[in-house]
Amino acid sequence: MLIFAASDKGGAGRSVTSANLAYHRALSGDEVCYLDFDFGSPTASAVFDVPEARRAAEDRGLHAYLKGEAAEPARIDVWAKTEHQVLRHRPPCSGRLVLMPGDLSRGDFATTENDLRRCVDLLLKLHHEFDLVIVDLRAGRSYALDLALAATAQPEMRAVPARWLVFHRWTRQHVAGAAHLVFGKHGLVRGGVARGHDEDALRGAIRFVRSAVPHSESPLWAQVRPAQSAWMRACDHGLEQLASEHGMGRSQVLGSVPFEHVLQWREQLITEEDVLDSQIADMTTWQALGDLAGRLTERSLASSGAFEDGAKGDRP
């Protein structure tokens, strides 16, 4: 299965969350490949703590491959090459975790027919080799997003299951931005239809992921004054209503990741050791990432169980 990770803005938690989802799926035994399509600003090598990826991407990154400057894109075995002390010890029964890095010194680019063919060939090859392929796209309506839409609309790709996750922080600006990215005049849905996607099928493959969501039972809420707590709850209620009005109600949400102090300071993988041993990360974050990773490939997104209510009839 192909998973495309998109966001309207930078700082939405797209890259760090999708990398953590890849990590969780590999822990569960899946063969996972992570493609950094964030052309111009690739960050996956830092999240996976793989300095070698930065060197390999200089002349064999995904940008170079798509432009025909490299016969094959670089592949990095994260378990073997990471400098993360925990990840160096690959857990028994875990699956492969492979990173295909983006080029550090390149920018976003308009794609040609040759670029499209190379992208399709790569996605088809990886689909047959791996259980899960996660493609981290550049923020906004980028050439990377256009390329992904065009590639998945090709006849030979129609039998390949693909899902689109749109990440946003739990704020008014991010909710409105994510809605515009998906449902706007030049958004993901209309752009996909223009390239040959079936509108209903594409809409059915899109789900939203909320990041940095304050939890009502978290220490963050427990430490505030009653007036602040009431204000935060009112804001949360208002955001739920706003999301529903924009077609992003709870039935369209695959899951959410709570506010995590570690990720505010450093974009990294959250490991079980971070929760149980050093205790620098919260158990709720670890569990939320695990639950979200498990729902990525459920047969029916609508019955994922992430939320029970919501505006199921909403259709911007």
Side-chain angles (χ1 to χ4, degrees), residues 1-9 12-15 17-18 21-22 35 37-38 123 127 132-142 144-154 157-170 174-211 213 239-240 242-257 291-307 309-316:
M1 176 175 285
L2 307 179
I3 302 291
F4 294 94
S7 66
D8 176 63
K9 306 177 187 301
R14 181 195 71 251
S15 296
T17 304
S18 56
L21 298 181
L35 280 66
F37 265 39
D38 189 355
L123 293 178
H127 168 64
L132 189 67
V133 178
I134 297 179
V135 184
D136 181 21
L137 302 171
R138 189 174 177 85
R141 182 61 191 272
S142 62
L145 175 60
D146 289 341
L147 176 61
L149 285 171
T152 50
Q154 298 304 300
M157 291 287 292
R158 290 175 183 168
V160 178
R163 289 176 176 172
W164 303 79
L165 299 186
V166 180
F167 293 79
H168 64 87
R169 292 178 68 92
W170 196 224
H174 276 261
V175 169
H180 182 73
L181 176 68
V182 175
F183 305 119
K185 182 178 179 180
H186 302 290
L188 196 161
V189 172
R190 292 193 183 185
V193 171
R195 286 162 177 75
H197 282 273
D198 175 79
E199 181 173 351
D200 289 335
L202 182 56
R203 283 177 176 268
I206 298 170
R207 286 297 181 270
F208 297 90
V209 178
R210 301 170 178 177
S211 64
V213 179
L239 286 169
E240 290 285 5
L242 179 66
S244 181
E245 292 170 355
H246 280 296
M248 300 163 54
R250 292 191 174 194
S251 66
Q252 303 304 310
V253 177
L254 189 66
S256 64
V257 180
D291 292 343
L292 183 55
R295 288 195 289 269
L296 285 177
T297 53
E298 286 188 347
R299 181 169 299 178
S300 173
L301 285 176
S303 62
S304 68
F307 295 98
D309 59 349
K312 294 185 178 181
D314 289 355
R315 188 182 177 90

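Just so it is clear, the model here is predicted, and its values are computed rather than measured.
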Closest contact, heavy atoms only, A243 versus V175: CA-CG1, 4.0 Å
F167 CZ to L254 CG distance, which is reported to the nearest 0.5 Å: 8.5 Å
Spatial distance of atom NE2 (H168) from atom CG (L239) [nearest 0.5 Å]: 9.5 Å
Separation between CG of L165 and OG1 of T17, rounded to the nearest 0.5 Å: 10.0 Å
L21 side, atom CG; L292 side, atom CG - distance, nearest 0.5 Å: 4.5 Å
Non-neighbouring partners of S7 that pass side chain to side chain donor-acceptor pair (under 3.5 Å), sequence neighbours left out: R14
Donor-acceptor under 3.5 Å (R163 side chain, L296 main chain): yes
Verdict with supporting geometry, F183 and H246, side chain to side chain contact (heavy atoms under 4.5 Å, CB included): CA-CA 9 Å; F183 305 119; H246 280 296; 5.7 Å; no
Taking every non-hydrogen atom, the tightest pair across S15 and D136: OG-OD2, 2.6 Å
Point-to-point distance, once rounded to the nearest 0.5 Å, from CZ of R207 to OG of S251: 6.5 Å
Non-hydrogen atoms of R169 and A12 that approach each other most closely: CG-CA, 3.9 Å
Minimal non-hydrogen separation, V213 against S256, with atom names: CG2-CB, 4.1 Å
Distance in Å, S18 OG paired with I3 CD1, rounded so as to fall on 0.5 Å steps: 10.5 Å
Residues which pass salt bridge (Lys or Arg N to Asp or Glu O under 4.0 Å) with D8, listed by chain and number, not counting sequence neighbours: none
Considering all heavy atoms, the nearest A178-V166 contact: CB-CG1, 4.1 Å
Pairing residues for R190 by the salt bridge (Lys or Arg N to Asp or Glu O under 4.0 Å) criterion, not counting sequence neighbours: none
Partner residues of D146 under the salt bridge (Lys or Arg N to Asp or Glu O under 4.0 Å) criterion, sequence neighbours left out: R141, R195
Student check: side-chain heavy atoms of V135 and L2 closer than 4.5 Å: no
Pair R210 + E240, salt bridge at N-O below 4.0 Å: yes
V160 and T152, any side-chain heavy atoms less than 4.5 Å apart: no
Plane angle bin for F4 and W164 - parallel if under 30°, tilted between 30 and 60°, otherwise perpendicular: parallel
Heavy-atom closest pair, residues Q252 and I206: OE1-O, 4.3 Å
Residues which pass side chain to side chain donor-acceptor pair (under 3.5 Å) with S211, listed by chain and number, not counting sequence neighbours: none
Side chain to side chain contact (heavy atoms under 4.5 Å, CB included) partners of A151, counting only residues at least two apart: L116, C119, V120, L123
